[in-house]
There are 2 protein chains.
Amino acid sequence: MATGRTHRPATRSRGIPEATVARLPLYLRALTALSERSVPTVSSEELAAAAGVNSAKLRKDFSYLGSYGTRGVGYDVEYLVYQISRELGLTQDWPVVIVGIGNLGAALANYGGFASRGFRIAALIDADPAQTGKQVAGLPLRHSDELEAIVAANQVSIGVIATPAGAAQEVCDRLVAAGVTSILNFAPTVLSVPDGVDVRKVDLSIELQILAFHEQRKAGEEQPASAARPARGQRPGTDGDVPAVMPA
Amino acid sequence: MATGRTHRPATRSRGIPEATVARLPLYLRALTALSERSVPTVSSEELAAAAGVNSAKLRKDFSYLGSYGTRGVGYDVEYLVYQISRELGLTQDWPVVIVGIGNLGAALANYGGFASRGFRIAALIDADPAQTGKQVAGLPLRHSDELEAIVAANQVSIGVIATPAGAAQEVCDRLVAAGVTSILNFAPTVLSVPDGVDVRKVDLSIELQILAFHEQRKAGEEQPASAARPARGQRPGTDGDVPAVMPA
DNA sequence: TAGATTGTTAATCGATTAACAATC
DNA sequence: TAGATTGTTAATCGATTAACAATC
């Protein structure tokens with residue numbers, strides 16, 4: 001998944017494990033909710049419950065950031081919100097572009113969670129000339145021809161791809177060439193990017209498939225036993241098109 | 001993340017590690033693409049490249065499913081498509097309901113990746129009476145009042161929640177009470193569910209925050225050093241509202 | 001047989017967790 | 001001081017990876 005970086009262990013930039021980084025947003029959200037309710041302090045136990053993790057893990061995670069708690073008391077909510085925000089880089093402004101404004105792109109453009117966390121939509125870009133100029137989420141759609149100019153003018157370093165799978169790699173290449181170094185990919189394709197560019201992927205159907213796997217296990221429990229190592233009727237490569245399928 | 005199950009190790013249902021299960025959909029997608037190009041066989045090296053993982057990991061993953069390859073030759077594409085589909089439970093039909101048909105719900109309803117993998121949208125449900133009857137993706141919106149009846153009538157075991165955060169827990173409770181045992185949650189909240197119910201979460205802004213973290217590291221490299229353990233101006237709990245924030 | 005590629009072993013690495021000493 | 005809760009240690013567990021014997 002190309003975490004870039006030529007010269008370093010790559011996994012841990014200044015020692016914070018990937019798994020911890022991935023949980024910081026969860027903690028931040030729980031803390032933000034507490035902050036809105038003007039709760040002044042919170043214990044690791046309470047916060048862990050709110051974030052849906054166990055408290056030992058939470059304390060270990062926080063220990064990578066520094067000693068921001070007080071023994072016998074807990075954590076100052078506002079202070080921790082700030083420290084985590086800073087660690088995640090959310091105290092600065094990140095201009096992003098969203099490319100591909102279909103249903104999903106429009107949903108993303110309207111998604112409140114971006115703006116409230118330092119992400120500013122610099123432009124919405126779509127390849128369909130008929131859409132150019134239309135407003136989505138209060139922003140005018142721009143044509144793909146302008147992509148490079150928009151990225152440069154706004155110093156965009158993060159791009160969101162919500163195009164159909166077929167267009168994603170080309171869009172990705174153009175974004176990267178224009179200077180984007182982080183990509184959030186919603187298209188169901190594996191993107192190839194040069195070193196130094198980060199790609200994260202959100203795949204709607206993959207999550208559903210994982211659920212189906214577990215659901216199947218719940219229902220069945222006694223499957224037709226899957227016949228351990230079934231003798232196949234044909235060998236690989238002997239017969240191209242007909243699926244060598246057997247109903248177990 | 002409540003993988004349910006009272007009576008077993010829970011992590012590995014019949015020995016397939018979670019990490020492997022999460023990659024099966026990736027392999028399946030790569031294989032489907034090969035299948036469409038009528039490629040008869042593929043080596044672990046080629047398939048791994050297409051799926052974006054390393055080949056040792058892929059072979060290890062497949063070894064949990066059985067011995068479906070041929071040494072010296074590779075894997076039969078069609079046969080492997082079938083085996084992985086079966087393992088994931090995609091050879092059966094899964095009726096799902098999508099609750100909350102805003103931008104995101106509509107995007108999900110229109111998403112092709114569902115239908116093509118055995119997921120059938122049994123109903124689109126929204127709380128707004130003004131929307132009831134409107135068509136989205138060729139399906140009429142149904143009102144939330146009908147939720148329980150719809151779940152029962154269609155034997156729905158998988159529910160997708162795309163409501164605002166505030167409504168998510170109540171929708172979740174009703175789905176579970178009606179018999180749903182797997183939930184895909186797009187609302188930015190932690191849902192609590194009884195044992196035996198699986199929840200998976202897709203959070204659009206979390207992915208972006210993780211990217212921002214890495215982006216920050218790329219740009220800065222020489223941050224203002226974050227002053228290791230800053231002396232705080234106040235102690236937790238002494239002063240509720242003012243953030244104990246310091247510009248490092 | 002010679003070449004290719006799987007399936008598996010074993011070493012390594014990273015993540016999780018319980019437990020508890022430190023300390024507010 | 002007594003009670004509470006953090007931050008850290010150390011044990012455990014799971015995932016990744018290189019290497020190679022098995023075998024087509």
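Per chain, numbering begins at 1; letters A, B, ... match sequence-line order. No hydrogens, no waters, no symmetry mates; every other heavy atom, side chains included, goes into these values.
- For the pair B/Glu46 CD and C/dA4 P, the computed distance is 13 Å after rounding to whole Å.
- For the pair A/Glu36 (side chain) and A/Ala33 (backbone), a donor-acceptor distance under 3.5 Å is absent.
- Relative to the side chain of A/Pro17, the nucleotides D/dA15, D/dG7, C/dA15 differ in distance, and C/dA15 lies closest.
- Comparing C/dG7, C/dA15, D/dC24 by their closest approach to the side chain of B/Ser63 singles out C/dG7.
- We find that CG of A/Asp76 is positioned 16 Å from P of D/dT5, with the value rounded to whole Å.
- A sub-4.0 Å separation between OP1 or OP2 of C/dG7 and a side-chain N or O of B/Tyr75 is present.
- In this structure, B/Asn54 contributes its side chain and B/Leu58 its backbone to no donor-acceptor pair below 3.5 Å.
- For the pair B/Glu45 CD and C/dG7 P, the computed distance is 14 Å after rounding to whole Å.
- For the pair A/Arg217 and B/Glu87, the salt-bridge criterion is met [side-chain N within less than 4.0 Å of a carboxylate O].
- Between B/Leu58 atom CG and C/dG7 atom P there is a gap of 10 Å when expressed in whole angstrom units.
- An end-to-end axis angle of 10° holds for the helix from C/dG3-D/dC24 to C/dC24-D/dG3, taken from five base pairs per end and rounded to 10°.
- Applying the ring-ring contact (aromatic ring centres under 6.0 Å, His included) test between A/Tyr75 and each of A/Tyr82, A/Tyr68, A/Phe62 identifies A/Phe62 as the sole match.
- Checked against D/dA18, D/dT5, D/dA10, the side chain of A/Lys60 finds its nearest nucleotide in D/dA10.
- Under a 3.5 Å cut-off, the side chain of A/Thr32 and the backbone N or O of A/Leu28 do form a donor-acceptor pair.
- Here the nucleotide nearest the side chain of A/Asn54, chosen from C/dT16, C/dT17, C/dG7, is C/dT17.
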Any protein N or O atoms within reach of nucleotides 19-21 of chain D? Criterion: under 3.5 Å, listing atom names and distances.
from	atom 1	to	atom 2	distance (Å)
D/dA19	N6	B/Arg59	NH2	3.4

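- Taking every heavy atom of both residues into account, B/Ala165 and B/Ala187 meet most closely at CA-CB, 4.1 Å.
- At least one donor-acceptor pair under 3.5 Å links the side chain of A/Ser85 to the backbone N or O of A/Val81.
- The side chain of A/Ser44 contributes an N or O atom lying less than 4.0 Å from OP1 or OP2 of D/dT6.
- When rounded to the nearest whole Å, the span between CD of A/Glu18 and P of C/dA15 equals 8 Å.
- No donor-acceptor pair closer than 3.5 Å links the side chain of A/Ser35 to the backbone N or O of A/Leu31.
- For the pair B/Leu24 CG and D/dA15 P, the interatomic distance rounds to 13 Å; values are reported in whole Å.
- The separation between B/Tyr68 atom OH and C/dT5 atom C1' is 19 Å, rounded to whole Å.
- Look at CD1 on A/Ile16: it is 15 Å from C1' on C/dA15, rounded to the nearest Å.
- The residue among A/Lys57 and B/Gly72 whose nearest nucleotide of DNA chain C is located toward the 5' end is B/Gly72.
- Checking side-chain atoms of B/Trp94 against main-chain N and O of B/Gly89 turns up a donor-acceptor pair under 3.5 Å.
- The backbone N or O of B/Glu46 lies less than 3.5 Å from a partner atom in the side chain of B/Ser43, making a donor-acceptor pair.
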